[in-house]
Visitor: 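One structure is given below, represented as structure tokens, and several questions about it will come after.
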Amino acid sequence: MSARAPPAPRPTGTHRKGRPMPAAIPPVLAEVVRSGFTEGQHRGSLVVLAEDGSVTFALGDPEAPVFPRSSNKPFQAAGVLRAGVELSGERLALVAASHSGERFHLDLVHKMLTEYGLDESALGCPPDLPLDREEADAYLAAGHARSRAAMNCSGKHTAMLAACLRNGWPLDSYLDPEHPLQLLIRDTLEEATGDPVAHTGTDGCGAPLMAVSLTGLARGFRHFTLAPSDSAEGRVAAAMRAHPEYVAGTRRHDTWLMRELPGSLSKMGAEAVQGFALPDGRAVALKVDDGGTRALGPVLARVLGAHMGVTSPVLARLADAPLLGGGERVGEIRATF
């Protein structure tokens with residue numbers, strides 16, 4: 001008996017009886033190949049913008065709202081600046097960071113808390129280990145326990161508290177979506193992305209999390225790269241570009257990209273979200289539906305090389321996502337488009 005072809009994805013829409021039809025199956029962005037056998041797939045959506053902001057390439061449904069997770073942090077950092085907090089350099093980069101918990105990250109978090117007259121107990125983020133596995137191992141080996149400062153969002157939370165102190169806003173409710181600071185961040189996000197916030201939830205760090213489309217997220221990153229240098233958005237972009245190791249860490253792809261592609265802006269988020277823009281305004285935003293961050297590097301490398309014309313050795317490093325068997329490389333995760 002011959003093998004049957006898989007059924008075609010069903011279109012979105014409405015049944016004649018008024019019931020919603022199932023959404024179309026998202027396209028495969030990457031496949032998991034072990035020992036020559038495809039054992040899994042990562043589906044999702046992405047969009048690429050040209051220098052003028054028009055869409056040049058898209059897969060899946062980039063108009064559907066998503067939670068950008070930590071890809072929202074540049075917008076949150078700009079909101080803090082709009083609230084009147086004076087930040088620049090490494091400090092501002094750390095505010096836009098999902099830091100790895102390396103020693104220099106933790107030292108600066110503690111230094112900033114001291115400068116604002118705060119201690120770690122004021123942070124609303126939960127206690128955690130460093131995000132980077134090697135740093136977490138070293139942290140535990142040194143006898144440390146989970147802490148709020150070690151949590152990857154601690155720089156952002158420190159700056160949010162500073163904004164409250166600057167404006168006389170309540171500190172104990174700074175994570176409430178209706179808090180003046182969070183409303184200011186919401187306005188900043190909507191202005192940059194051109195999208196109204198479709199839904200508000202709670203991020204892993206406890207901060208409000210605001211959903212926009214991937215197309216809106218790409219517009220937002222484009223907006224930051226093209227913003228005047230004296231604007232809040234331009235200042236955040238400049239700090240991230242100048243100090244990428246504070247935005248991520250020495251072993252993270254956001255750092256590699258901003259170091260090796262001058263003028264670029266890169267920020268990943270949990271659940272496999274990525275925002276990225278080049279200095280000429282070209283931008284991409286993508287989301288892997290199953291949250292598999294292991295697919296981000298290969299997918300982003302393929303987009304940058306094949307659909308944005310980027311040529312750099314960093315792409316090979318970004319695309320390298322090996323699978324191990326018995327401690328040896330036996331396969332890889334690779335883009336499929």
Side-chain angles (χ1 to χ4, degrees), residues 25-49 55-62 64 66-71 98 100 131-134 152 214-215 217-218 221 244-245 247-261 264-278 282-337:
I25 299 174
V28 175
L29 301 183
E31 59 186 2
V32 183
V33 181
R34 180 181 296 274
S35 304
F37 179 81
T38 301
E39 67 172 348
Q41 298 173 326
H42 292 284
R43 298 177 180 271
S45 299
L46 62 85
V47 63
V48 177
L49 303 184
V55 174
T56 61
F57 181 70
L59 290 171
D61 186 3
V66 301
F67 280 141
R69 302 300 297 270
S70 284
S71 295
S98 301
S100 290
L131 187 61
D132 183 278
R133 182 173 296 178
E134 290 186 34
N152 73 88
L214 287 174
T215 303
L217 185 62
F221 273 72
E245 69 279 5
V247 176
T250 55
R251 291 177 286 271
R252 304 267 298 286
H253 78 242
D254 285 329
T255 299
W256 305 340
L257 285 164
M258 288 188 283
R259 277 181 179 165
E260 299 185 41
L261 299 177
S264 66
L265 191 69
S266 183
K267 185 70 191 75
M268 72 165 288
E271 294 300 315
V273 179
Q274 180 74 51
F276 177 87
L278 291 165
R282 287 176 289 160
V284 58
L286 65 92
K287 164 115 176 71
V288 179
D289 276 12
D290 62 10
T293 54
R294 65 182 184 170
L296 274 183
V299 172
L300 183 57
R302 178 64 58 84
V303 172
L304 294 178
H307 299 282
M308 297 179 75
V310 174
T311 56
S312 169
V314 73
L315 297 191
R317 187 180 184 190
L318 186 65
D320 188 35
L323 296 179
L324 302 182
E328 301 293 330
R329 182 172 185 144
V330 297
E332 64 181 352
I333 300 161
R334 62 193 183 197
T336 57
F337 55 94

Visitor: Treating K287 as the side-chain partner and E271 as the backbone partner, does any N or O pair qualify as donor plus acceptor under 3.5 Å?
Guide: yes

Visitor: When you compare the side chains of Q274 and S266, does any donor N or O come within less than 3.5 Å of an acceptor on the partner?
Guide: yes

Visitor: If you round to the nearest 0.5 Å, how far is CG of L59 from CG of L286?
Guide: 10.0 Å

Visitor: Would you find a donor on one side and an acceptor on the other, under 3.5 Å apart, between the side chain of S35 and the backbone of F37?
Guide: no

Visitor: Do the side chains of F276 and V303 get nearer than 4.5 Å, heavy atoms only?
Guide: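 Contact flag for V303/F276 side chains = no.
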
Visitor: Passes side chain to side chain contact (heavy atoms under 4.5 Å, CB included), D290 versus H42? Steps please.
Guide: CA-CA 7 Å; D290 62 10; H42 292 284; 2.8 Å; yes

Visitor: Is the count of non-hydrogen atoms from other residues, nucleotides or ligands lying under 6.0 Å from R133 atom CZ greater than 12?
Guide: no

Visitor: Do F221 and V284 make a side-chain contact, defined as non-hydrogen atoms from C-beta onward lying under 4.5 Å apart?
Guide: no

Visitor: Determine yes or no for a side-chain-to-main-chain donor-acceptor pair under 3.5 angstrom, with S98 supplying the side chain and S70 the backbone.
Guide: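 Checked: no pair found.
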
Visitor: Find the distance between CG (D289) and CZ (R43) and round it off to the nearest 0.5 Å.
Guide: 9.5 Å

Visitor: Taking all atoms of both residues into account, what is the closest heavy-atom pair of P298 and A335, and its distance?
Guide: O-CB, 3.7 Å

Visitor: Can you tell if the side chain of L217 reaches within under 4.5 Å of the side chain of V66, non-hydrogen atoms only?
Guide: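 Heavy-atom side-chain distance check fails, nothing below 4.5 Å.
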
Visitor: With the side chain counted from C-beta on, respond yes when L300 and L296 share a heavy-atom pair under 4.5 Å apart, and no when they do not.
Guide: no

Visitor: Checking side chain to side chain contact (heavy atoms under 4.5 Å, CB included) for the pair V32/R294: CA distance, chi angles, key distance, verdict?
Guide: CA-CA 10 Å; V32 183; R294 65 182 184 170; 3.4 Å; yes

Visitor: Do the non-hydrogen side-chain atoms of T56 and H307 ever get within less than 4.5 Å of each other?
Guide: no

Visitor: Please check if the side chain of T255 supplies one atom and the backbone of G249 the other of a donor-acceptor pair under 3.5 Å.
Guide: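 Pair found, side chain donor or acceptor close to backbone of G249.
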
Visitor: Are the side chain of R251 and the backbone of E134 linked by a donor-acceptor contact shorter than 3.5 Å?
Guide: no

Visitor: Would you give the length of the straight line joining atom CD of E39 to atom CZ of R34, rounded to the nearest 0.5 angstrom?
Guide: 4.5 Å

Visitor: Minimum heavy-atom separation for S71 and G269, please, with both atom names.
Guide: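 In this case the closest contact between S71 and G269 is OG-N, 3.4 Å.
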
Visitor: Going through the checks in order, is the side chain to side chain contact (heavy atoms under 4.5 Å, CB included) test met by E332 and L323?
Guide: CA-CA 5 Å; E332 64 181 352; L323 296 179; 5.5 Å; no

Visitor: Looking at every non-hydrogen atom in both residues, tell me the closest pair between L318 and H253 and how far apart they are.
Guide: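 Where L318 meets H253 most closely, the heavy atoms are CD1-CB, 3.3 Å.
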
Visitor: According to side-chain hydrogen bond (donor to acceptor under 3.5 Å, both in side chains), does anything in residues 317-328 pair up with another residue at least two apart or in another chain? List the pairs.
Guide: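 Residue pairs passing side-chain hydrogen bond (donor to acceptor under 3.5 Å, both in side chains), neighbours aside: D320-R329.
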
Visitor: Would you call L304 and V314 a side-chain contact if the rule is heavy atoms closer than 4.5 Å?
Guide: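 Heavy-atom side-chain distance check fails, nothing below 4.5 Å.
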
Visitor: Once you round to the nearest 0.5 Å, how far does CG of L265 lie from CE of M258?
Guide: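 Going from the CG atom of L265 to the CE atom of M258 covers 6.0 Å.
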
Visitor: How far apart are the C-alpha atoms of V299 and F337, what are their side-chain angles, what is the distance that settles it, and do they pass the side chain to side chain contact (heavy atoms under 4.5 Å, CB included) test?
Guide: CA-CA 9 Å; V299 172; F337 55 94; 3.9 Å; yes

Visitor: Please give me the minimum heavy-atom distance between L29 and S45, naming the atom from each residue.
Guide: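 Closest approach of L29 to S45: CD1-N, 3.8 Å.
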
Visitor: Between R69 (side chain only) and V273 (backbone N and O only), is there a donor and an acceptor less than 3.5 Å apart?
Guide: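 Answer holds: no.
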
Visitor: To the nearest 0.5 Å, tell me how far L49 CG sits from F57 CZ.
Guide: 13.0 Å

Visitor: Output the distance between atom OG1 (T311) and atom CG (L261), rounded to the nearest 0.5 Å.
Guide: 9.0 Å

Visitor: Compare every heavy atom of A218 with every heavy atom of V47, then report the nearest pair and how far apart it is.
Guide: CG1-CB, 4.2 Å

Visitor: Shortest non-hydrogen contact from L324 to V330?
Guide: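 Taking L324 first and V330 second, the nearest heavy atoms are C-CG2, 3.8 Å.
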
